[in-house]
Amino acid sequence: MVDVEKIRADFPILEEKVYGKLLVYLDNGATAQRPLPVVDRMTEYYLKYNSNVHRGVHYLSNKCTDANEEARREVQHFIHAASEKEVIFTRGTTEAINLVAYAFGEAFVGEGDEILVTEMEHHANIVPWQMLCERKKAVLKVVPFDDKGELQLDIYEKLLTERVKLVGVAYVSNVLGTVNPVREMIARAHAVGAKVLVDAAQAIAHLPVDVQELDCDFLAFSGHKVYGPTGVGVLYGKEKLLEQMPPWQGGGEMIREVRFEKTTYNELPFKFEAGTPDFIGIVGLGEALKYIGKIGVAEAGRYEEELLHYAQEQMRQIPRLRIFGEARQKASVISFQIDGIHHFDLGTLLDQMGIAVRTGQLCAEPVMQHYGMTGMVRASLAMYNTKAEIDKLCEGLRKVEKMLNV
Ligand code: PMP
């Protein structure tokens, strides 16, 4: 079992007060908090070892370089990649998807080809594909979800033809919390020769991820959603595919030899890592994965699932409250609305009580359109949240109802 009190002690922000009230942080889907070991390790590197990676021959540079490559192995281990060459550091999920949309698109997508995404994707897994389709005169197709928030797999089957070059799908929806059956979807896509990119931004801290078991071609996630720092993320890609893709950004580090006549490129993973990376952020990300690895993602996920069920049960007691997303497999996210109360008012009044939730379109306008909503309120959980905090949220919601007299 997860020792929540022990975990909470590693996150000093959870003892902060806002407007004189103890913080209840339920916006983990937007960004999780960082534990002391991550901040301490980064501070240590800033204060003692700060130096650019891969370029120096001196002690500090080697120290940072080694720490970065150790972090890469930590990621490899965490997602069960076959080789560290398959782990590319990016600025986050968004940059990872843009990298694939560009480089995979250049190598493999042409006029009339199709890219398939789902109706529940975050904008980061929609817009880069639209840009690619515009560039290549390819066509973007969409797999819809039903009102429970589950993908309509029969339509997915129908849309999967040999024209489809790539499927982009969220492992966990950032609005509906749906855990999509990505393993089966990947197998189906491979049967028609399509590749699959899994957006694991909302999965990485809540479900064990094994890229070899999933057999995904690409997988993306952000450090800041898995208790690591902002500004750093990961693109996993199968080595064979990455080898066939041209570089995305040009600059230092990604080259082997630069000549005005012809430049040659570095080997993997550096071919896709132009310029100075956030090398201390990368050290922090490695530490974050070590941290959650010790607790166990599966254990954390089981605890969060219990909390999610408790929260949904409690929230369903509020008569005018509607939860969006009732999928059988759901993780860590509850989006909702109270009839007659604007989502922004709800979020603002909860904030006054020290409760941090997200409101608005949640970077998923198509999901809003599906339900005919202008916005929602989202509570998203992490392994340090408690039932007592859920009780405070529900108490807060009831207070808001009373205040606004609905
Ligand atoms: N995909 C999903 C499912 C997300 O939830 C998010 C972040 N909200 C992103 C992509 C984008 O992540 P980032 O902003 O860290 O690049």
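Since the structure is predicted, the reported quantities are computational estimates derived from the model, not experimental observations. One-based numbering, in listed order, for ligands and for the atoms of each.
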Quiz item: Does a donor on one side chain sit under 3.5 Å from an acceptor on the other, for Tyr310 and Asp391?
Solution: yes
Quiz item: Less than 3.5 Å between some nitrogen or oxygen of Glu95 and one of ligand 1, yes or no?
Solution: no
Exercise. Would you kindly say whether Tyr384 and Asp10 are connected by a side-chain donor-acceptor distance under 3.5 Å?
Key: no
Quiz item: Does Glu95 offer a backbone N or O that forms a donor-acceptor pair with the side chain of Thr90 under 3.5 Å?
Solution: no
Quiz item: With Arg72, which of Glu70, Glu69, Glu74, Gln76 fulfils side-chain hydrogen bond (donor to acceptor under 3.5 Å, both in side chains)?
Solution: Glu69
Exercise. Show which atoms of ligand 1 fall inside a sub-4.0 Å distance from at least one heavy-atom site of His224.
Key: 15 (O)
Practice problem: Closest by any non-hydrogen atom to atom 12 (O) of ligand 1: pick that one out of Ala203, Ser173, Ala170, Ser222. | Solution: Ser222
Exercise. Note the single closest protein heavy atom to atom 11 (C) of ligand 1, along with its residue, its atom name and the distance in Å.
Key: Thr94 OG1, 3.5 Å
Practice problem: Consider ligand 1: state whether an atom of it lies below 4.0 angstrom from any non-hydrogen atom of Asp199. | Solution: yes
Quiz item: Which residue supplies the protein heavy atom nearest to atom 4 (C) of ligand 1, what is that atom called, and how far is it?
Solution: His122 CD2, 3.3 Å
Exercise. From atom 8 (N) of ligand 1, work out which of Lys225, Met120, His123, Gln202 has a heavy atom at the shortest distance.
Key: Lys225
Self-check item: Gln329 atom CD: more than 12 heavy-atom contacts under 6.0 Å
Solution: no
Practice problem: Answer with yes or no whether Arg91 contacts ligand 1, where contact means a heavy atom under 4.0 Å from a ligand atom. | Solution: no
Quiz item: Among side-chain atoms of Glu253 and His54, is any donor-acceptor pair under 3.5 angstrom?
Solution: no
